[in-house]
Every structure is written in C-alpha cells, then in structure tokens.
> 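To start, I am sharing the structure in question, which I have written as structure tokens.
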Protein chains: 2
Amino acid sequence: MSTVKGARARARTEITAAIKDEARRQLAKEGAAKLSLRAVARELGMVSSALYRYFPSRDDLLTALIIDAYDSLGAAAESAQEEVAVAEPLARWTAVCEAVRGWALAHPHEYALIYGSPVPGYTAPQTTVPAAARVGLVLIGIVRDAHEHGGLTVPPLPAELLGEAERMTAELAPGLPPEVGAALVAAWAQLYGLVGFELFGQFNRVVEDREPFFRHAVVRLAHGVGLRPGLPGERA
Amino acid sequence: MSTVKGARARARTEITAAIKDEARRQLAKEGAAKLSLRAVARELGMVSSALYRYFPSRDDLLTALIIDAYDSLGAAAESAQEEVAVAEPLARWTAVCEAVRGWALAHPHEYALIYGSPVPGYTAPQTTVPAAARVGLVLIGIVRDAHEHGGLTVPPLPAELLGEAERMTAELAPGLPPEVGAALVAAWAQLYGLVGFELFGQFNRVVEDREPFFRHAVVRLAHGVGLRPGLPGERA
DNA sequence: CGGGTTGGGAGAGCAGTGCTCTCGTTCGAG
DNA sequence: CTCGAACGAGAGCACTGCTCTCCCAACCCG
C-alpha cells in the first residue's frame, strides 16, 4: 500500500507526524498534564484551530501518543529478547525486564502516560490493545519456550483460583499450565510495580543502588514463574 | 494544644476542613485532573480568590489531600493488621494486603493521587513522608514479629546487592537479615503493581475473578519475604 | 471603651486553556 | 474545468489558576 498519493495526502501525513513529534517533545519535557494543543500549534507555526483538522480533540492526540509509546516499549522489549539465545530463558527474561526498566527511565512521562493513573472516565479505546499487548506477549513467549524445552516448576494453585487460572491461561497463553499462566500475569503486574516505584520516586531515600536491586528482584520474579537458573533445555 | 480559640481561629479550621471535604468530593467524582479551585469555591458559596487565604495554590490543596489519603490508607492497613493475632504472620500479611487493595478500590482517585503518576516537576514535600510510610511500617512490623518468633527463610543475596541490602535494611528495618529487608521492599513495590494493574484497568479482559487471584499472588509475595504457612511461632 | 492592626471576603482582571464556528482559499477528483 | 471537499486563519465562548486592590469586621492592646 502507500501508493504515490497526491501532494495533499502526503502533506496530511507529514503534518500529522509533525504534530505528534512536537506533542511528544512537549510530553517528554513537561508531562502529559501540561501538553497544550495551543502550544503545539504555536510551535508549528499554525493556529490552534487548524490542529483540529488532524486530531478531533486533545484526548485523541494523547491516545495517538499512547499507542506510539506502547509500540516503542514493545519494540524495546522485543529487541532485547532477540539478543539472548532461546536456550537461556532466564537470561532472556531478565534482559526483557531490564529493557522495560531502561525504556521507562529514558521516557518517564511516556511511561507514566501508559502505565500511570489513567484520566478518570477515560477508557483506552480498543485501538491501543494490540500495541499494549506486545510486552506481555514477549514474556509469554519466553516462558512458553522454556516450558516446551525444559519444563517449569511452579507450586500448585489453591482450589478457588483454579478455574480462573485455567480460563485466563487458555485465553492468552494456551498450552501452558494454569499455575504458570497465573504466575505470569502476576509477575507482569509486579514488574510494573517495581518499575513504577522507582520511576515515581517511591524508592527515594529507600533504595539507592537500584540496578542490582532490580536485577535481583527480576530474577526472583522469574523463579516465581518457574524459570530456574540451570537446566533450561540441555538440548535446545 | 487546641485551646478554646477565638471565633476567628475556629472558623478558619472549619472552613479549611470544608474546603478539603469539598475538594475530596470532587476528587472522588472526577479525579485530580478536573479538581478546580473555582468549582470548590463556587460549591462552598465563596469567591475563588477567598480560597487562596486557606491554600496558597492548587498544588498545596492537592498536597493536603495526598497526606490525608496516605493517612487514610495507613489507618486501613493498621486496623486490618490489628484484627489478626500476632502469632499468625501470614494471615496478618494477607489481611493488610487485602486492606490496601480494598481501600484502593474504594478510593480509586485518591489511590491514583498518591501512587499514580506524579505531576512532573512535583516532588512530594517532606511533610508527606511520615504519612506515606505507614503502610510500609505495618508490613515491616509483621515480618519483624515473624522473624523474632519463628525465623524466616529467604534465599541469599547476590554479592552485588549485599552492601545495598545491608544499608537499606539497617535504615528501615534494623534487626532483620538483609535478604529479608531487600525482599520486603521488593514485595512492597510488587503489591503496588498488583493493585495498580487492577485499578488502572490493565487487568480488563485478562483477569476476571480478581479476588482469588490477588489473594494467591499476595500469599506468594509473603513466601518471598520468608513467611511460611505453618510454624510461625508455636509459642506466641 | 476606643483605635490601630490584621485576617478574610468580594470583585475585577490577566494570561492561558480546549473547543466551536465562520469565512475565504486552494487542491484535486469527476 | 468545475464544483465539492479539505484546509488555514481568526474571532469568540466558557473555563482555568492566580494576583491585586478594596473594604469590612474581628481582634488585641492601651
């Protein structure tokens, strides 16, 4: 697709991109709360009302930025994963987690935009779902590989959780044991807790040397989903 | 303190409280972003400029609400703890975690205010620190009791983390082994991750039956800091 | 009791915001 | 070539946080 297109359509995509770029710049500098449509327009040399030809509202602009942020984070996670051999699932796991943390520290406001407090009443449109899922899919893939090659050991579930664990595992990681699926979702949320606490200042005056702390926490998270240091597959 | 006070001082504290109450109402209904000084003043039948006699800026009002929220959450955690015997640390742990989750679900916007994305450039004033620490202190207390009565088993730390773990444990939970201190801080952040993911909608279409999921995750968190189901103290 | 001090409410006003509407212009498909 | 759609400019509305000035009433002290 993306045929030659007339000058008008070309201009439209270019201007749309320019608006998003400028908005992202303001977002990175001042945060979502201070992102002003008028300021973006001003910086681009256009008048504020013209901007509404491209984004029907401020929320729509933010939504576009959210999708981009999810994609950027997902891409970071994917490329981190690809740099470690499949046969070393624990190393893959930690690499991905550290990539997530690194991305968050490099793009704090964008991380806050996607994982921080959502605007009340604002429910993310379905458009964001695929982009948002990418990091989760990476983690699922790592654990699935480990499961197929080596086997995972996770303590059994309490009876009250069994049904729900089976349901959600079947839906998002079919083939994995339900204990692993449940542990995976929990680990995902906990990873987000670790990153968020550091990013949002909750570790100030508590944890000083964050990298080793995070590394260790993430390894223990991996243990929680059954990934163990030695014997990942022996025979890849 | 708090002597009879003249009518003027009395009115001041009353009006200050009324402003906070109305602000809290708006916060609960619409969220922090839409909390408007003018709307608060309007609702109270005063003019907006009068409100600045009580709070020098919108941020100061928000800070007051943040402290109140921390205190309310801390009180919820403390009272949940007190309802379970000291001799059952694991039950205490889960009770406190569930109290935190319950409070968060009951006061989503206030939870977002304290644990969500902070306004960029806004660093929480030192005033908030004691209130913010209460939940952490409760968790530390539970683990300390368990450690003194029964003993905890936590895997050893990697060398690179030992020094930092000793430092932070000495500072906020002296007496505990450094492995436990580090695990505790991590568990605290992870608890926040679990609650945040549920609250901010990240579990939508993923986890449906949240209570058992949370309960199980929290028990495994407790295992991570060394709390084990049986033998907590035998002899309280 | 009386006068000065001060705390606090009222109002106007400034600069900024998101968003709407109207009015020309210009591009491009039929 | 023409006519409709896309687009930019500008004015304007309702709202925001915050400041400044004015003025009254409560308070403290002699």
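Computation of the quantities below employed the complete heavy-atom set of this structure, encompassing side-chain atoms and omitting hydrogens, waters and symmetry-equivalent molecules. Computed from a predicted structure; not experimentally measured.
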> Using a 4.0 Å heavy-atom cut-off across all strands, classify A:Tyr54 as base, sugar-phosphate, or nothing.
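Sugar-phosphate, backbone atoms only, no base.
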> How would you give the extent of chain A contacts on DNA chain D, as first and last nucleotide 5' to 3' within a 4.0 Å heavy-atom cut-off?
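Terminal contacting nucleotides, 5' to 3': D:dA6 to D:dG12.
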> With hydrogens left out and only the distance checked, is there a donor-acceptor pair under 3.5 Å joining A:Arg38's side chain and the base of C:dG18?
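Indeed there is one.
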> Take nucleotides 23-30 of chain C nucleotide by nucleotide from the 5' end and write B, S or -, depending on whether a protein heavy atom sits under 4.0 Å from the base, only from the sugar-phosphate, or from neither.
---BBS--
> Can you check the A:Leu62 CG to C:dG18 P distance for me, whole Å?
10 Å
> Counting any heavy atom closer than 4.0 Å, what does A:Leu51 reach on the DNA or RNA strands: base, sugar-phosphate only, or nothing?
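Nothing, no heavy atom under 4.0 Å.
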> How would you list all residue pairs meeting salt bridge (Lys or Arg N to Asp or Glu O under 4.0 Å) that involve residues 187-200 of chain B, not counting sequence neighbours?
B:Arg101-B:Glu198
> Between B:Arg12 and C:dG8, is there a contact of a side-chain N or O with OP1 or OP2 at under 4.0 Å?
yes
> Under the rule for ring pair (Phe, Tyr, Trp, His ring centres under 6.0 Å), what residues qualify as partners of B:Trp93, not counting sequence neighbours?
none
> Return the set of residues passing side chain to side chain donor-acceptor pair (under 3.5 Å) with A:Glu98 (not counting sequence neighbours), or none when no residue passes.
none
> Check B:Ala217 against A:Ala186 and note the closest heavy-atom contact, atom names and distance.
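Looks like CB-CB, 4.3 Å.
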> Below 4.0 angstrom, which residues in residues 40-49 of chain B have at least one non-hydrogen atom near DNA chain C?
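When residues 40-49 of chain B is checked for heavy atoms under 4.0 Å from DNA chain C, the hits, listed by number, are B:Met46, B:Val47, B:Ser49.
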> Do any pairs count as a salt bridge (Lys or Arg N to Asp or Glu O under 4.0 Å) and have a residue in residues 131-143 of chain B, sequence neighbours left out, and if so which ones?
B:Asp71-B:Arg134, B:Glu78-B:Arg134
> Got a sec, which pairs hit salt bridge (Lys or Arg N to Asp or Glu O under 4.0 Å) with one end in residues 164-173 of chain A, sequence neighbours left out?
A:Glu164-A:Arg167, A:Arg167-A:Glu171
> Please figure out whether A:Pro56 or A:Ala39 has its closest DNA chain C nucleotide nearer the 5' end.
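Result: A:Ala39.
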> Under the rule for salt bridge (Lys or Arg N to Asp or Glu O under 4.0 Å), what residues qualify as partners of B:Glu160, not counting sequence neighbours?
A:Arg215
> Could you tell me which residues satisfy ring pair (Phe, Tyr, Trp, His ring centres under 6.0 Å) with A:His216, sequence neighbours excluded, listed by chain and number?
none
> To the nearest Å, give me how far apart CG (A:Leu37) and P (C:dC19) are.
6 Å
> NA contact type, A:Tyr52, heavy-atom cut-off 4.0 Å: base, sugar-phosphate, or nothing?
base
> Could you tell me the separation between the NZ atom of A:Lys34 and the C1' atom of C:dT17, rounded to a whole number of Å?
13 Å
> Under the side chain to side chain donor-acceptor pair (under 3.5 Å) rule, collect the residues that match up with B:Arg58, sequence neighbours excluded.
none
> With sugar-phosphate meaning primed atoms plus P, OP1 and OP2, does A:Leu35 contact a base, only sugar-phosphate, or nothing at under 4.0 Å between heavy atoms?
sugar-phosphate
> Would a distance-only check, ignoring hydrogens and angles, find a side-chain to backbone donor-acceptor pair under 3.5 Å from A:Arg144 to A:Pro174?
yes
> Which residues pass the side chain to side chain donor-acceptor pair (under 3.5 Å) test with B:Tyr115, sequence neighbours left out?
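Side chain to side chain donor-acceptor pair (under 3.5 Å) check on B:Tyr115 returns nothing, list empty.
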